[in-house]
*Asks:* 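To start, I am sharing the structure in question, which I have written as structure tokens.
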Amino acid sequence: MKKKLIIPVVAVGLLVVGVQLANRQAAKTIEAQIAEINLSYAEMSQQGVLPALQLQYQEVRASVLRSRYQIEGLSVELQGLGQLFSIEQVQLRGIKPNRLADQGSVSLRSLALGSGARLFVPTELAAFSDSIKLHGDYSYSYQPSTGELELMQQTRINEEFSFSYQLRLSEMQAIWQQLTDISAMNNEQQQRLLESDSYIEQFTAAMLQSAIVAGELRLENDGFLQRLLTLTAGQGQTPDFSIVQGIALMALATAETVPMEIRQSLIAFVQEPRSLTLRFQLQQPLRFAELEAETASFAIDTVDELLEFAGVRLTVND
């Protein structure tokens with residue numbers, strides 16, 4: 001009986017050790033990539049392409065089973081100037097070294113200006129800039145069977161302001177193949193490719209084959225815009241918030257080309273800027289090539305026709 005118990009215990013122990021080793025190896029891979037990036041920055045600095053930048057970090061953690069990586073205490077430094085900015089934590093999910101996963105996300109926590117960047121901030125704005133902490137969440141999801149790609153992003157400033165968007169794209173097979181190929185290359189190979197005019201042309205051609213289908217943009221404000229304009233007005237850089245508000249209301253009141261429903265929503269937001277959400281669902285996918293060449297297969301002559309085609313819906317302060 002004891003032997004039967006020992007075997008499962010040993011197996012579990014080996015599994016735990018194996019996972020830990022895999023996690024450590026994955027962390028080392030990320031560390032090696034950061035070192036490669038720093039080497040690439042140094043070479044480009046010698047060539048005069050970039051200033052002498054360097055990435056620094058405190059710790060890299062990895063969870064292979066969850067396909068999750070965390071970089072603690074990441075910062076960007078400029079030689080002779082010091083730290084430009086720091087990020088308390090970067091978390092990556094679904095990201096695989098030298099491979100483009102079909103789904104992935106990146107989260108940034110507490111991005112703040114460093115001592116080097118503060119040298120360029122006017123004294124009167126120093127306290128304001130020190131109070132700013134940026135947080136960001138970015139994710140994507142690609143469906144190989146349909147060629148659809150969904151992009152999502154949210155950027156927040158403290159708990160006072162946020163801007164987010166979601167976009168749904170179709171016919172992304174060509175551009176996705178380009179991204180897959182370049183992600184398998186090392187930094188030096190990628191740099192050479194990005195300096196190639198022929199590759200840029202190929203990449204642009206692939207991008208123009210894709211189309212936009214639907215999306216959403218959302219803005220949330222909890223006093224940040226008022227605080228920012230109060231500060232800049234005190235420095236004589238902008239009018240006071242109430243003046244900007246009055247100018248915007250006057251412009252909306254006379255904007256007769258904008259449909260009344262949209263105008264009323266925008267007026268309500270300007271009067272009390274808390275949240276604004278713009279959603280659209282196109283009646284048919286719109287290729288980027290058509291946008292560039294202005295050769296869309298449908299005719300739009302008025303703002304009302306444009307809004308109808310785009311399926312625009314605007315809500316405020318919800």
Side-chain angles (χ1 to χ4, degrees), residues 103 105-109 132-143 146 148-170 172 210-230 232 238-288 290-291 296 298-318:
Q103 295 183 352
S105 67
V106 178
S107 295
L108 308 179
R109 294 290 174 267
I132 298 298
K133 299 287 189 208
L134 287 177
H135 313 277
D137 294 285
Y138 315 87
S139 65
Y140 71 89
S141 178
Y142 177 67
Q143 301 296 329
T146 62
E148 286 196 342
L149 174 67
E150 186 172 12
L151 301 173
M152 290 168 285
Q153 177 266 330
Q154 183 187 60
T155 300
R156 301 182 304 283
I157 301 177
N158 302 337
E159 299 300 324
E160 299 175 278
F161 183 86
S162 73
F163 173 77
S164 62
Y165 68 77
Q166 297 181 27
L167 292 177
R168 186 153 58 91
L169 307 174
S170 65
M172 290 290 294
S210 59
I212 187 167
V213 177
E216 175 182 308
L217 293 85
R218 181 172 174 82
L219 181 151
E220 296 182 25
N221 173 59
D222 188 15
F224 179 77
L225 294 177
Q226 294 91 322
R227 184 162 78 96
L228 178 61
L229 283 174
T230 298
T232 54
T238 64
D240 187 77
F241 174 77
S242 60
I243 296 177
V244 173
Q245 190 179 45
I247 294 172
L249 289 172
M250 185 178 300
L252 288 170
T254 57
E256 297 180 357
T257 57
V258 179
M260 180 60 69
E261 184 179 354
I262 299 292
R263 248 197 297 172
Q264 289 176 342
S265 295
L266 291 174
I267 288 172
F269 174 74
V270 172
Q271 290 174 334
E272 187 181 359
R274 290 191 288 111
S275 70
L276 183 148
T277 305
L278 173 69
R279 299 181 179 90
F280 64 91
Q281 175 75 51
L282 303 185
Q283 292 180 359
Q284 66 186 64
L286 182 59
R287 286 177 176 266
F288 290 110
E290 294 176 316
L291 283 173
F298 47 85
I300 294 177
D301 298 320
T302 66
V303 175
D304 287 333
E305 289 177 350
L306 173 62
L307 296 177
E308 182 180 357
F309 170 79
V312 172
R313 291 179 295 157
L314 184 66
T315 57
V316 300
N317 299 337
D318 54 345

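Keep in mind it's a predicted model, so treat the numbers as computed, not measured.
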*Asks:* If you round to the nearest 0.5 Å, how far is CD of Glu159 from CD of Glu220?
*Replies:*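 That separation rounds to 10.5 Å.
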*Asks:* If you take all heavy atoms of Gln166 and Met152, which pair is closest and at what distance?
*Replies:*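 Residues Gln166 and Met152, closest heavy atoms: CG-CG, 3.5 Å.
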*Asks:* Ile157 and Leu134: which non-hydrogen atoms are nearest, and at how many Å?
*Replies:*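 Minimum heavy-atom contact is CG1-CD2, 3.4 Å.
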*Asks:* If I compare all heavy atoms of Arg156 with all of Gln154, which pair ends up nearest, and what's the gap?
*Replies:*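 So the two residues come closest at NH1-OE1, 2.9 Å.
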*Asks:* Going by heavy atoms in the side chains, are Ser105 and Asp137 under 4.5 Å from each other?
*Replies:*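 Sidechains of Asp137 and Ser105: no contact.
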*Asks:* Provide the full list of side chain to side chain donor-acceptor pair (under 3.5 Å) pairs with a residue in residues 307-318, sequence neighbours left out, each pair given once.
*Replies:*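 Side chain to side chain donor-acceptor pair (under 3.5 Å) check on residues 307-318 returns Arg218-Asp318, Ser275-Asp318.
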*Asks:* Can you name the nearest heavy-atom pair linking Leu307 to Pro259, along with the distance?
*Replies:*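 Heavy-atom minimum between the residues: CD1-CG, 3.3 Å.
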*Asks:* Partners of Ser265 by side chain to side chain contact (heavy atoms under 4.5 Å, CB included), sequence neighbours excluded?
*Replies:*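 Residues passing side chain to side chain contact (heavy atoms under 4.5 Å, CB included) with Ser265: Leu314, Val316.
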*Asks:* Do Gln281 and Arg279 meet the criterion of a side-chain donor-acceptor pair at a distance under 3.5 Å?
*Replies:*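 Arg279 and Gln281 do not have a side-chain donor-acceptor pair below 3.5 Å.
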*Asks:* How many angstroms lie between atom CD1 of Ile262 and atom OG1 of Thr257, to the nearest 0.5 angstrom?
*Replies:*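 Between Ile262 CD1 and Thr257 OG1, I get 12.0 Å after rounding to 0.5 Å.
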*Asks:* Do Leu219 and Phe161 come within less than 4.5 Å of each other through their side chains, counting heavy atoms only?
*Replies:*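 They are in contact (side-chain heavy atoms under 4.5 Å apart), so the answer is yes.
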*Asks:* Could you report the tightest heavy-atom contact between Arg274 and Phe269, atom names first, then the distance?
*Replies:*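 So the two residues come closest at N-CE1, 3.8 Å.
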*Asks:* May I ask you to decide if Ala253's main-chain N or O and Arg263's side chain share a donor-acceptor pair within less than 3.5 Å?
*Replies:*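 Checked: pair present.
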*Asks:* Got Arg227 and Phe241 here, is their nearest side-chain heavy-atom distance under 4.5 Å?
*Replies:*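 No, every pair of side-chain atoms sits at 4.5 Å or beyond.
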*Asks:* With rounding to the nearest 0.5 angstrom, report the CE to OG1 distance, Met250 to Thr254.
*Replies:*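 It is 8.0 Å, given to the nearest 0.5 Å.
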*Asks:* Check step by step if side chain to side chain contact (heavy atoms under 4.5 Å, CB included) holds for Phe309 and Gln284.
*Replies:* CA-CA 8 Å; Phe309 170 79; Gln284 66 186 64; 3.8 Å; yes
*Asks:* With rounding to the nearest 0.5 angstrom, report the OG1 to CE distance, Thr146 to Met172.
*Replies:*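 Nearest 0.5 Å value for the OG1-CE distance: 11.0 Å.
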*Asks:* Compare every heavy atom of Gly136 with every heavy atom of Arg109, then report the nearest pair and how far apart it is.
*Replies:*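 Between these two residues, the closest heavy atoms are NH1-O, 3.6 Å.
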*Asks:* Considering the options Gln103, Glu148, Arg168, which one meets the side chain to side chain donor-acceptor pair (under 3.5 Å) requirement together with Ser141?
*Replies:*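 Passing option: Gln103.
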*Asks:* Roughly how far, to the nearest 0.5 Å, is the CG atom of Leu252 from the CD atom of Gln271?
*Replies:*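 Answer for the CD-CG pair, Gln271 versus Leu252, is 9.5 Å.
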*Asks:* Between Pro273 and Gln226, is there a side-chain heavy-atom distance shorter than 4.5 Å?
*Replies:*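 Yes; the side chains approach each other to less than 4.5 Å.
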*Asks:* Assess the residue pair Ile132 and Asn158 against the criterion (side chain to side chain contact (heavy atoms under 4.5 Å, CB included)); give the C-alpha distance rounded to whole Å, side-chain angles, the decisive distance to 0.1 Å, and a yes or no.
*Replies:* CA-CA 6 Å; Ile132 298 298; Asn158 302 337; 4.3 Å; yes
*Asks:* With no hydrogens and no angle check, is any side-chain donor or acceptor of Gln283 less than 3.5 Å from a backbone partner on Gly311?
*Replies:*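 No, Gln283 side chain to Gly311 backbone: no donor-acceptor pair under 3.5 Å.
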*Asks:* Show, in sequence, the C-alpha distance, side-chain angles and deciding distance for Tyr138 and Leu151, and conclude whether the side chain to side chain contact (heavy atoms under 4.5 Å, CB included) test is met.
*Replies:* CA-CA 8 Å; Tyr138 315 87; Leu151 301 173; over 6 Å; no
*Asks:* Is any side-chain heavy atom of Leu229 closer than 4.5 Å to one of Asp240?
*Replies:*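 Not touching, per the 4.5 Å side-chain cut-off.
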*Asks:* For a side-chain contact (heavy atoms from CB on, under 4.5 Å) with Leu276, tell me which candidate from Leu266, Val270, Leu217 qualifies.
*Replies:*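 Exactly one candidate clears the test, Leu266.
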*Asks:* Are Phe280 and Ile212 close enough, and set up right, to give a side chain to side chain contact (heavy atoms under 4.5 Å, CB included), and what steps lead you there?
*Replies:* CA-CA 10 Å; Phe280 64 91; Ile212 187 167; 3.9 Å; yes
